[in-house]
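Each chain gets a letter, A, B and so on, in the order the sequences are listed, and its residues count up from 1. Just so it is clear, the structure is predicted and the values come from calculations on it, not from any experiment.
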Amino acid sequence: MPELPEVEAYRQLAEQALGRMVSTVRVTDPRFVRGPSGPAALVGALRQHRFVAARRHGKLLVLDLDSGHRLGLHFGMTGRLLVDGTPGVDGLLYSSDRGLPVWDRLIVGLADGGSLVVSDPRLLGGASLDPDEQRLGPDARSVTPAELRRALAGSASALKARLLDQAKLAGVGNLMADELLWRASLAPGRRAGSLSPAEQRRLLHHLRATVELLMARGGSHMGDLMAERHPGGRCPRDGAGLRRSTIGGRTSWWCPAHQR
DNA sequence: ATTGTGGCCTGCCCGC
DNA sequence: TGCGGGCAGGCCACAA
């Protein structure tokens with residue numbers, strides 16, 4: 001599903017749309033437009049304008065317009081970005097590769113004949129005009145030691161729940177969190193505020209490494225733990241039976257032998 | 001303020 | 001072969 005690695009791929013793809021005039025905008029399902037501005041305002045802000053920058057903050061893709069407005073795109077778990085018909089990622093876990101036209105929720109037609117399309121079968125993503133980027137915590141790809149410390153300090157939440165809280169740290173989703181904690185040898189249910197300085201350093205090291213690895217491999221579902229994330233799955237490191245827990249409302253797979 | 005829970009949304013997979 | 005239940009999780013509203 002689209003976590004930081006996929007959205008970064010979408011961002012790079014979206015750069016191909018920069019500088020090109022938007023001629024038509026179609027919102028095929030009003031539910032796809034989120035936030036205070038409705039579909040009409042969003043359409044009006046885009047039409048006859050050009051995208052001037054493609055930025056990513058966590059899982060939020062922001063396309064700046066020459067009007068000063070910003071188009072925010074989030075992709076939920078099944079959202080896909082296509083520019084000129086080319087998808088930003090190849091396989092998307094939990095989504096379908098059929099790409100039915102009815103799943104196209106936002107269709108931005110460009111004056112040169114190209115297009116920028118968001119396809120989202122389950123409508124869990126959305127588009128918003130001028131999204132509030134301040135709500136998001138530091139981006140997981142560039143978070144500093146001090147920022148990570150602040151994100152965890154004093155929290156009674158489970159560590160994994162904290163990592164998934166986009167207001168505290170932006171970009172980590174369920175699959176990447178499991179992979180990251182497995183690599184860092186930290187149990188997902190640990191209290192976030194209980195990490196020692198050494199454990200925080202270890203977490204940050206593996207956060208950076210995991211983000212870069214999954215981007216290089218092409219998706220958040222490309223981690224080493226992924227294949228064992230099922231009943232009967234075994235830890236790829238030590239062979240112990242993996243445990244399944246619900247943490248932060250999400251299915252979590254972890255190794256009770258080496259994650260402490 | 002923090003923390004946890006449930007609902008949204010629908011394609012897909014499994015068992016019958 | 002068709003049907004129905006359960007599952008997946010990013011995000012948000014809501015409760016305590």
Can you tell me which nucleotide in [options] comes closest to the side chain of [X]?
X      : options                : result
A:R162 : B:dT3, C:dA8, C:dG10   : B:dT3
A:T251 : C:dA8, C:dG10, C:dC12  : C:dA8
A:K59  : B:dG11, C:dC12, C:dG10 : C:dG10
A:R250 : B:dG11, B:dG7, B:dT10  : B:dG7
A:R122 : C:dC11, B:dC9, C:dA8   : C:dA8
A:S155 : B:dC9, B:dT3, C:dC11   : B:dT3
A:R135 : B:dG11, C:dC11, C:dC12 : C:dC12
A:S157 : C:dC11, C:dC12, B:dG4  : B:dG4

The answer to which of A:K168 and A:G249 contacts DNA chain B further toward the 5' end, by nearest nucleotide, is A:K168

When you match A:G154 and A:L123 each to their closest nucleotide on DNA chain B, which lands nearer the 5' end?
A:G154

Whole-Å distance separating the [atom1] atom of [X] from the [atom2] atom of [N]:
X      : N      : atom1 : atom2 : value
A:E133 : C:dC11 : CD    : P     : 14 Å
A:F75  : B:dT10 : CZ    : P     : 19 Å
A:L175 : C:dC7  : CG    : C1'   : 14 Å
A:D29  : B:dC8  : CG    : P     : 16 Å
A:R34  : B:dC8  : CZ    : P     : 13 Å
A:L164 : B:dT3  : CG    : P     : 14 Å
A:R229 : C:dA8  : CZ    : C1'   : 10 Å
A:H230 : C:dG6  : NE2   : P     : 23 Å

Is there a side-chain polar atom (N or O) of [X] under 4.0 Å from OP1 or OP2 of [N]?
X      : N      : answer
A:R80  : B:dG11 : no
A:W103 : B:dG11 : yes
A:R244 : C:dA8  : yes

Please determine which of A:R55, A:R50, A:H69 meets the side-chain contact (heavy atoms from CB on, under 4.5 Å) test together with A:D64.
A:R55

Test side-chain contact (heavy atoms from CB on, under 4.5 Å) applied to A:D120 and A:F32, A:W103, A:F75, the passing residue:
A:F32

Do A:S185 and A:R237 get their side chains close enough for a donor-acceptor pair, meaning under 3.5 Å?
yes

Residue pair A:H57 / A:D139, side-chain donor-acceptor N/O under 3.5 Å:
no

Would you find more than 12 non-hydrogen atoms of other residues, nucleotides or ligands less than 6.0 Å from A:R26 atom CZ?
no

May I ask you to say what [X] touches in the nucleic acid, namely base, sugar-phosphate or nothing, with a heavy-atom cut-off under 4.0 Å?
X      : value
A:A161 : nothing
A:R31  : sugar-phosphate
A:G76  : sugar-phosphate

Give, for atom OG of A:S220 and atom CG of A:D178, the distance between the pair rounded to the nearest 0.5 Å.
11.0 Å

